[in-house]
Amino acid sequence: MELEKGFGADFVVKGRAVEATPEKKGDDRARNLAILEEAASTCIKCRLSESRTRVVFGTGNIYTDLMFIGEGPGYEEDQQGLPFVGRAGQLLTKIIEAIELTRQDVYIANIVKCRPPDNRTPRQDEIFACTTDYLKHQIAWIRPKIICALGNVAVQNLLHTDKGISTLRGHFHDYDGIKLMPTFHPAYLLRNPGDKGKCWQDMKKVRAMLDEVKG
């Protein structure tokens with residue numbers, strides 16, 4: 001199994017922010033996530049709300065053991081209201097498929113829910129507002145066993161560190177009892193394809209850990 005496998009294939013992203021999975025008895029995460037998404041859809045707590053087209057809350061299986069978290073929406077994501085649907089999203093889909101999963105098996109979100117103007121790096125006040133009010137609650141309700149953090153912005157803000165991805169990747173870190181694997185953002189890999197092999201090494205560890213936690 002190789003990370004390059006299937007990279008040329010086309011795909012269509014479908015689905016809702018909260019996947020239509022039958023709610024388990026005594027488990028109200030779908031209801032709580034829907035309420036949280038509704039609140040995010042009208043959020044004006046930072047300047048990013050002034051220029052967005054759509055809030056990009058998240059998408060996928062809310063009962064998953066594996067959650068991917070990136071930096072923030074780009075142009076295509078802002079237009080469609082779904083995370084990772086542009087070129088970087090196509091690569092992320094192939095990365096997920098390389099570990100024998102689909103986008104419907106995992107949950108995908110970002111540090112910030114609105115596109116920063118000109119795709120600039122989110123500012124700290126924007127990150128604080130979005131993570132405090134939305135992302136932390138998403139993680140708490142989904143309760144993944146593993147988080148794959150994509151790129152410096154995601155990793156540094158989740159782990160509260162100024163260390164770079166090259167230093168942090170390759171082994172698991174702790175995020176409130178959840179195993180967190182830092183790896184390169186797909187957008188970075190599009191610009192630096194020579195690092196795909198390092199990403200693949202990280203993803204093999206994610207796959208192995210996923211098998212372990214599933215028992």
Side-chain angles (χ1 to χ4, degrees), residues 11-43 52 54-73 76-78 80-85 88-90 92-114 127 129-151 154-155 157-158 172 174-183 185-186 203 206-207 209-215:
F11 72 99
V12 177
V13 176
K14 298 180 180 179
R16 299 174 50 199
V18 177
E19 196 75 9
T21 305
E23 193 148 356
K24 299 178 182 180
K25 185 176 181 179
D27 189 331
D28 56 359
R29 74 184 75 182
R31 184 180 302 109
N32 283 289
L33 283 166
I35 293 170
L36 189 66
E37 182 179 7
E38 180 65 24
S41 70
T42 57
C43 180
R52 72 175 180 233
R54 296 186 181 182
V55 170
V56 182
F57 184 72
T59 190
N61 181 0
I62 64 172
Y63 300 102
T64 188
D65 288 327
L66 176 58
M67 184 173 181
F68 288 84
I69 301 176
E71 177 177 326
E76 292 296 335
E77 291 77 15
D78 179 63
Q80 298 186 41
L82 291 169
F84 283 93
V85 292
Q90 294 176 28
L92 178 60
T93 297
K94 294 175 182 13
I95 290 170
I96 293 169
E97 290 173 347
I99 58 170
E100 300 180 340
L101 297 171
T102 70
R103 286 177 67 112
Q104 288 70 41
D105 294 320
V106 304
Y107 193 89
I108 305 171
N110 282 306
I111 290 289
V112 296
K113 308 303 183 191
C114 299
I127 290 171
C130 220
T131 55
T132 301
D133 289 340
Y134 305 114
L135 181 62
K136 287 183 178 179
H137 296 291
Q138 275 181 297
I139 295 170
W141 281 115
I142 292 169
R143 303 194 290 274
K145 292 183 172 65
I146 302 169
I147 291 174
C148 185
L150 304 168
V155 172
N157 283 280
L158 289 169
F172 286 98
D174 178 74
Y175 174 86
D176 290 343
I178 300 169
K179 297 181 184 302
L180 185 148
M181 173 61 76
T183 196
H185 194 287
M203 295 311 300
V206 169
R207 177 72 245 192
M209 182 61 69
L210 187 63
D211 291 340
E212 181 179 326
V213 299
K214 284 180 175 293

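FYI, side chains are in, hydrogens and waters are out, and symmetry mates aren't considered; it's all heavy atoms of this structure. Residues take their numbers from the sequence shown, with the count starting at 1.
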_Leu210 and Asp65, any side-chain heavy atoms less than 4.5 Å apart_ = yes
_Does any part of the side chain of Tyr107, heavy atoms only, come nearer than 4.5 Å to the side chain of Thr64, both counted from C-beta?_
yes
*Of all the heavy-atom pairs spanning Cys114 and Pro73, show the shortest one and how long it is.*
O-CD, 3.6 Å
*asked:* Just so I know, are the side chains of Val55 and Cys43 near enough to count as touching, which here means a heavy-atom distance under 4.5 Å?
replied: no
_Ile147 and Met181, any side-chain heavy atoms less than 4.5 Å apart_ = no
*asked:* Would the distance check show the side chain of Arg54 and the main-chain N or O of Gln80 forming a donor-acceptor pair, the cut-off being under 3.5 Å?
replied: yes
*Where the side chain of Glu77 meets the backbone of Val56, is there a donor-acceptor pair that is under 3.5 Å apart?*
no
*Not counting sequence neighbours, list each pair that qualifies as a salt bridge (Lys or Arg N to Asp or Glu O under 4.0 Å) and has a residue in residues 129-138.*
Lys45-Asp133
*Under a 4.0 Å N-O cut-off, is there an ion pair linking Asp174 with Lys179?*
no
*Which atom pair, heavy atoms only, marks the closest approach of Ile142 to Ile62?*
CG2-O, 3.6 Å
*Under the salt bridge (charged side-chain N to carboxylate O under 4.0 Å, His left out) rule, what do Asp27 and Arg143 come out as? Steps first, then yes or no, please.*
CA-CA 12 Å; Asp27 189 331; Arg143 303 194 290 274; 3.5 Å; yes
*Do the side-chain N and O atoms of Glu37 and Tyr134 include a donor-acceptor pair separated by under 3.5 angstrom?*
no
_So, taking the atom named CD in Glu212 and the one named CE in Met209, what distance separates them when rounded to the nearest 0.5 Å?_
5.0 Å
*Where is the tightest heavy-atom contact between Gly70 and Ala154, given as atom of each residue plus distance?*
O-CB, 3.7 Å
*Side chain proximity check, Val106 to Ile96, heavy atoms < 4.5 angstrom*: yes
*Give the intermediate values and the outcome of side chain to side chain contact (heavy atoms under 4.5 Å, CB included) for residues Ile127 and Asn157.*
CA-CA 8 Å; Ile127 290 171; Asn157 283 280; 3.4 Å; yes
*Is there a donor-acceptor contact under 3.5 Å from the side chain of Glu76 to the main chain of Gly89?*
no
*So do Ile111 and Cys130 actually touch side chain to side chain, heavy atoms under 4.5 Å?*
no
*Output, in order, the C-alpha distance, side-chain angles, deciding distance and verdict of side chain to side chain contact (heavy atoms under 4.5 Å, CB included) for Asp28 and Trp141.*
CA-CA 9 Å; Asp28 56 359; Trp141 281 115; 3.6 Å; yes
_Gap separating the CG atom of Leu158 from the CG atom of Leu135, nearest 0.5 angstrom_ = 6.0 Å
_What's the separation between atom CG in Asn110 and atom CD in Gln138, rounded to the nearest 0.5 Å?_
9.5 Å
_Tell me every residue that passes ring pair (Phe, Tyr, Trp, His ring centres under 6.0 Å) with His185, counting only those two or more places apart in sequence or in another chain._
Phe84
*Of all the heavy-atom pairs spanning Phe57 and Ala109, show the shortest one and how long it is.*
O-CB, 4.0 Å
*From Leu92 CG over to Glu97 CD, what is the distance, rounded to the nearest 0.5 angstrom?*
10.0 Å
_CG-CZ distance between Leu180 and Phe172, expressed to the nearest 0.5 angstrom_ = 9.0 Å
_Minimal non-hydrogen separation, Ile139 against Ile69, with atom names_ = CD1-CD1, 3.8 Å
*Side chains of Val85 and Leu82 in contact at under 4.5 Å (non-hydrogen atoms)*: yes
*asked:* Once rounded to the nearest 0.5 Å, what's the spacing between atom OG1 of Thr59 and atom CD1 of Ile108?
replied: 7.0 Å
_Atom of His137, atom of Leu36 and distance for their closest heavy-atom approach_ = CB-CD2, 3.6 Å
_Using side-chain heavy atoms (C-beta onward) and a distance below 4.5 Å, is Arg52 in contact with Asp78?_
yes
